[in-house]
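Heavy-atom basis, side chains included; hydrogens, waters and symmetry copies ignored.
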Amino acid sequence: MQSPGAPHPARPKLTGRNTIRTRLTWLLTVPLIAVLLLLGDLVLKETDEYAAANAASASTHLGQVAQGLVHALQRERGLATGVLGGFASYRADLDAARAAVDRARADLADVTTTATSNARSALDQLVDLAAMRAQVDAARIDRSTAFQYFTDRISAFNHLDLGPDLAPPDPDPVLRR
């Protein structure tokens with residue numbers, strides 16, 4: 001026991017890494033950094049998956065609009081060759097089919113502003129559609145030539161690269177297949 005007038009022995013001073021505050025800070029900071037790194041990785045993966053899903057959705061929409069145009073072109077092809085074959089009763093249906101092609105063409109033009117270049121080039125093949133229609137109306141073209149004209153344009157739309165094939169690593173190979 002120490003006498004009442006004697007000075008207290010000096011306590012060791014805690015500095016730097018030896019303080020409780022510093023130790024608690026390190027104990028909390030290291031796991032927090034690890035959690036933030038894992039969350040950052042998760043956010044990056046989710047962002048990539050969202051982008052891939054968005055691209056797949058856009059490709060699907062483009063495919064649906066393109067197939068709508070293909071269907072309308074097929075109908076106009078059949079009716080145009082019918083009119084050229086002498087079936088005048090197809091004339092009223094041909095006018096309605098042409099209107100459907102024009103609507104589908106406008107829809108595809110709206111979608112292709114951000115679509116693949118081959119969709120735009122397939123759409124550009126219809127630039128002379130009005131001239132072809134004028135030849136059909138005036139009967140200045142034979143059935144096989146008109147049929148081939150429409151078939152070539154339809155084929156261009158049926159062979160569109162819609163873009164769902166992504167570079168490896170593919171985020172969703174099941175969706176791509």
Side-chain angles (χ1 to χ4, degrees), residues 38-177:
L38 290 173
L39 284 175
D41 184 51
L42 179 65
V43 167
L44 287 176
K45 286 180 183 176
E46 290 297 320
T47 303
D48 289 344
E49 287 181 17
Y50 176 77
N54 227 6
S57 176
S59 294
T60 301
H61 182 66
L62 174 62
Q64 289 173 335
V65 173
Q67 285 306 305
L69 179 57
V70 164
H71 176 72
L73 284 169
Q74 289 171 336
R75 180 147 171 79
E76 183 176 350
R77 174 183 63 186
L79 292 169
T81 56
V83 166
L84 289 171
F87 294 96
S89 61
Y90 289 173
R91 172 58 60 192
D93 291 336
L94 179 59
D95 292 337
R98 287 177 174 174
V101 166
D102 293 341
R103 281 190 306 274
R105 185 178 174 187
D107 290 345
L108 186 60
D110 290 342
V111 173
T112 57
T113 57
T114 58
T116 61
S117 62
N118 64 353
R120 284 187 293 275
S121 67
L123 195 56
D124 289 343
Q125 290 184 22
L126 293 175
V127 73
D128 59 347
L129 182 60
M132 172 56 70
R133 288 174 174 172
Q135 289 181 355
V136 168
D137 291 343
R140 288 181 298 191
I141 192 170
D142 62 89
R143 289 172 58 178
S144 64
T145 304
F147 185 86
Q148 192 60 49
Y149 171 86
F150 283 103
T151 301
D152 291 343
R153 275 59 182 179
I154 290 166
S155 179
F157 288 108
N158 280 333
H159 293 97
L160 287 181
D161 176 17
L162 300 175
D165 292 332
L166 302 172
D170 190 349
D172 197 346
V174 174
L175 177 63
R176 183 175 51 84
R177 267 187 271 125

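Between the CG atom in L44 and the CD atom in E49 there is a gap of 11.5 Å [rounded to 0.5 Å]. A distance of 6.5 Å separates CG in L73 from CZ in F157, rounded to the nearest 0.5 Å. Interatomic distance, OG1 of T47 versus CG of L42, reported as 9.0 Å (0.5 Å rounding). In this structure, I154 CD1 and Y149 OH are separated by 10.5 Å, a value rounded to the nearest 0.5 Å. Here the straight-line distance linking atom CD of Q135 with atom CG of L84 works out to 10.0 Å at 0.5 Å rounding. For the atom pair Q74 CD and L79 CG, the distance stands at 12.0 Å (nearest 0.5 Å).
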Verdict with supporting geometry, R91 and D137, salt bridge (Lys or Arg N to Asp or Glu O under 4.0 Å):
CA-CA 9 Å; R91 172 58 60 192; D137 291 343; 2.7 Å; yes

For the pair R77 and R153, evaluate side-chain contact (heavy atoms from CB on, under 4.5 Å) and give the outcome as yes or no after the intermediate values.
CA-CA 10 Å; R77 174 183 63 186; R153 275 59 182 179; over 6 Å; no

Would you sort out whether D142 and F147 count as a side-chain contact (heavy atoms from CB on, under 4.5 Å), showing the intermediate values?
CA-CA 9 Å; D142 62 89; F147 185 86; over 6 Å; no

I would like to know whether D107 and V111 meet side-chain contact (heavy atoms from CB on, under 4.5 Å); could you show each step before the answer?
CA-CA 6 Å; D107 290 345; V111 173; 5.7 Å; no

Begin from the C-alpha positions of K45 and D41 and carry the test salt bridge (Lys or Arg N to Asp or Glu O under 4.0 Å) through to its verdict.
CA-CA 6 Å; K45 286 180 183 176; D41 184 51; 3.4 Å; yes

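Within the 4.5 Å cutoff, side-chain heavy atoms of R105 are placed close to those of L129. Residues V136 and E76 fail the side-chain proximity criterion, which asks for heavy atoms closer than 4.5 Å. For the pair L126/L69, a side-chain contact is recorded, criterion being any heavy-atom separation below 4.5 Å from C-beta on.
Between A80 and L94, the shortest heavy-atom contact is N-CD1, 3.8 Å. Of all heavy-atom pairs between A146 and I141, the closest is N-CD1, 4.0 Å. Pairing each heavy atom of Q125 with each of D152, the nearest pair is OE1-O, 4.0 Å. In terms of heavy-atom proximity, L123 sits nearest to L108 at CD1-CD2, 3.9 Å.
Note on R98 versus D102: no salt bridge recorded, every NZ/NE/NH1/NH2 to OD/OE distance being 4.0 Å or above.
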